[in-house]
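Residue numbers begin at 1 in each chain, while the letters A, B, ... track the order of the sequences.
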There are 2 protein chains.
Amino acid sequence: MRKKTLHRKALTIESGEAASKGEQTRSLILETALEMFGERGYEETTMRAIAEKAGIAQGATYYHFRSKEHLIQAYYERMHELHQESCAEVLKKERTLKGRLFGVMSQILDNMEPYHQFAGILFKTAADPQSPLNPFSPESEPARRASVELFAEVLKGARTKMPPDLEAEAPMLLWLYHMGIVLFWIHDSSPKQRRTRRLMERTVEIVVRLIQLVSLPPMSPLRKSVLRLLTDLREEAS
Amino acid sequence: MRKKTLHRKALTIESGEAASKGEQTRSLILETALEMFGERGYEETTMRAIAEKAGIAQGATYYHFRSKEHLIQAYYERMHELHQESCAEVLKKERTLKGRLFGVMSQILDNMEPYHQFAGILFKTAADPQSPLNPFSPESEPARRASVELFAEVLKGARTKMPPDLEAEAPMLLWLYHMGIVLFWIHDSSPKQRRTRRLMERTVEIVVRLIQLVSLPPMSPLRKSVLRLLTDLREEAS
DNA sequence: GTCTATAACCGGATAGAC
DNA sequence: GTCTATCCGGTTATAGAC
């Protein structure tokens, strides 16, 4: 799950094992960049300034990061790790679907909060179909898979029963729901993104109700045609 | 509805009325730019090259378009106009909700097809929460309103009956659905975006079924809580 | 108000020496 | 792996012509 860089860095810190010089520089650049992005914003932070503050030549930064956008990608990975860790606690405690989904979504919003302004930029580059940062791109398939896995976890530990056909697709559908909330969050300019909180609280309830509803026998035809569509699309993709 | 520039251009063509020199130049730049974007792609087309091909000084392009992105905006407006016009025909013929929605969605996909690659770029800039191009930004409120209006039209002419509470929100919900399809389309790399076609065909059916289902009395509580959420969010926004 | 011509600035990205 | 020098293209500035 962990990316090599972060892993090695962790090793350096935790066990004192010497990281190669390259790894050290890479870390230094990343720390400097993220710090400056946080202070000054993404567009306003030039690659030159990052290099200067880190005390290395501009060319060297391009040796370690293919482009300015790739610095964002590193942030992205770090954030995902944070989600994994903080949600683990919630999932140990909560046993109802509603509680678990709410807990996970809350954690995710908490984790992202400090980076709201920055996330707008991230989203902009992530939205580019060409970009490897794009959540639907093949490059980010591992990250996506891990993310969906988090929602599989949400469902697995809950007492709520559902038909097997739905159970198979539900994690992906919850992930999609979560992406919608994140999309709203990005565009939410209310103080502390309170509107997103409210939206999340209320839609979690609706989502849970919807799952129960759609599990009922009279809903079977509709459910099946939607699920059929999903599997067809997936097959077509390969 | 029409933008001034396009209107004047149309007049020039249709009635021979002289457009001002400025309007002509503006048109010329836009045509040239769109053509080159289509041939070479957005990133690969430089402002210098556009100016050169149009036979104009580079400074002049900046006189007419504040930035390279503003050329995209012009494309955006043109596309919206095209949708309005081509959908009008469909809406005159079709009388069922399914037929109308399918017709409109088909037209939209047809209109966009030549610009698939280009649309990726457009989307990238449009996704930036800061950008005036963003479909959720205040700046694009008129365009959004007009777009929602198109779906109000879809519903108005259909025989399908629905409860008044739903009727009020349905155009916006259909617009949101349409945005989802466009999002999929942007990321669809299948030949001629066939996967999007298929997705659209099948989801139109599901959407219509969903509308009928949710109009049923036993669905009233769920429907009301969703609709309540929507109006609450709107109120909060102002 | 509409445009030309030209030069400069800025910052992301790259080449090639060491 | 790191440096210096350079390229490239979006953008801005200026001064002047019609």
[atom1] of [X] versus [atom2] of [N]: gap in Å, rounded?
X	N	atom1	atom2	result
B/Arg66	D/dG10	CZ	P	18 Å
A/Tyr62	D/dT6	OH	C1'	14 Å
B/Glu23	C/dG1	CD	P	14 Å
B/Ile29	C/dT4	CD1	C1'	13 Å
B/Ile72	D/dG10	CD1	P	12 Å
A/Leu28	D/dT2	CG	C1'	13 Å
A/Glu52	D/dT2	CD	P	18 Å
B/Phe65	D/dG10	CZ	P	15 Å

At what distance, to the nearest 0.5 angstrom, does [atom1] of [X] lie from [atom2] of [Y]?
X	Y	atom1	atom2	value
B/Leu174	B/Met105	CG	CE	9.5 Å
A/His178	A/Leu150	NE2	CG	8.0 Å
B/Leu199	B/Asp188	CG	CG	9.0 Å
B/Gln193	B/Met200	CD	CE	12.5 Å

Task: D/dG1 OP1/OP2 closer than 4.0 Å to side-chain N/O of A/Tyr63 - done: yes
For the side chain of [X], starting at C-beta, report the closest nucleotide among [options].
X	options	answer
A/His64	D/dT2, C/dT2, C/dA5	D/dT2
A/Ala60	D/dT2, D/dG10, C/dA5	D/dT2
A/Thr25	D/dT2, D/dT4, C/dG1	D/dT2

Task: Chi angles and distances behind the side-chain hydrogen bond (donor to acceptor under 3.5 Å, both in side chains) call for A/Ser86, A/Asn111 - done: CA-CA 9 Å; A/Ser86 60; A/Asn111 294 341; 3.0 Å; yes
Could you go over nucleotides 9-11 of chain C and give all protein N or O partners under 3.5 Å, atom names and distances?
unit_1, atom_1, unit_2, atom_2, d
C/dG11, N9, A/Arg48, NH2, 3.1
C/dG11, N7, A/Arg48, NH2, 2.6

TODO: Kindly indicate, with the supporting measurements, whether the criterion ring pair (Phe, Tyr, Trp, His ring centres under 6.0 Å) is fulfilled by A/Tyr177 and A/Phe151.
DONE: CA-CA 10 Å; A/Tyr177 158 70; A/Phe151 290 99; 8.0 Å; no
Open item on the list: Between B/Asp232 and A/Arg198, does any side-chain N to carboxylate O distance fall below 4.0 Å?
Closed with: no
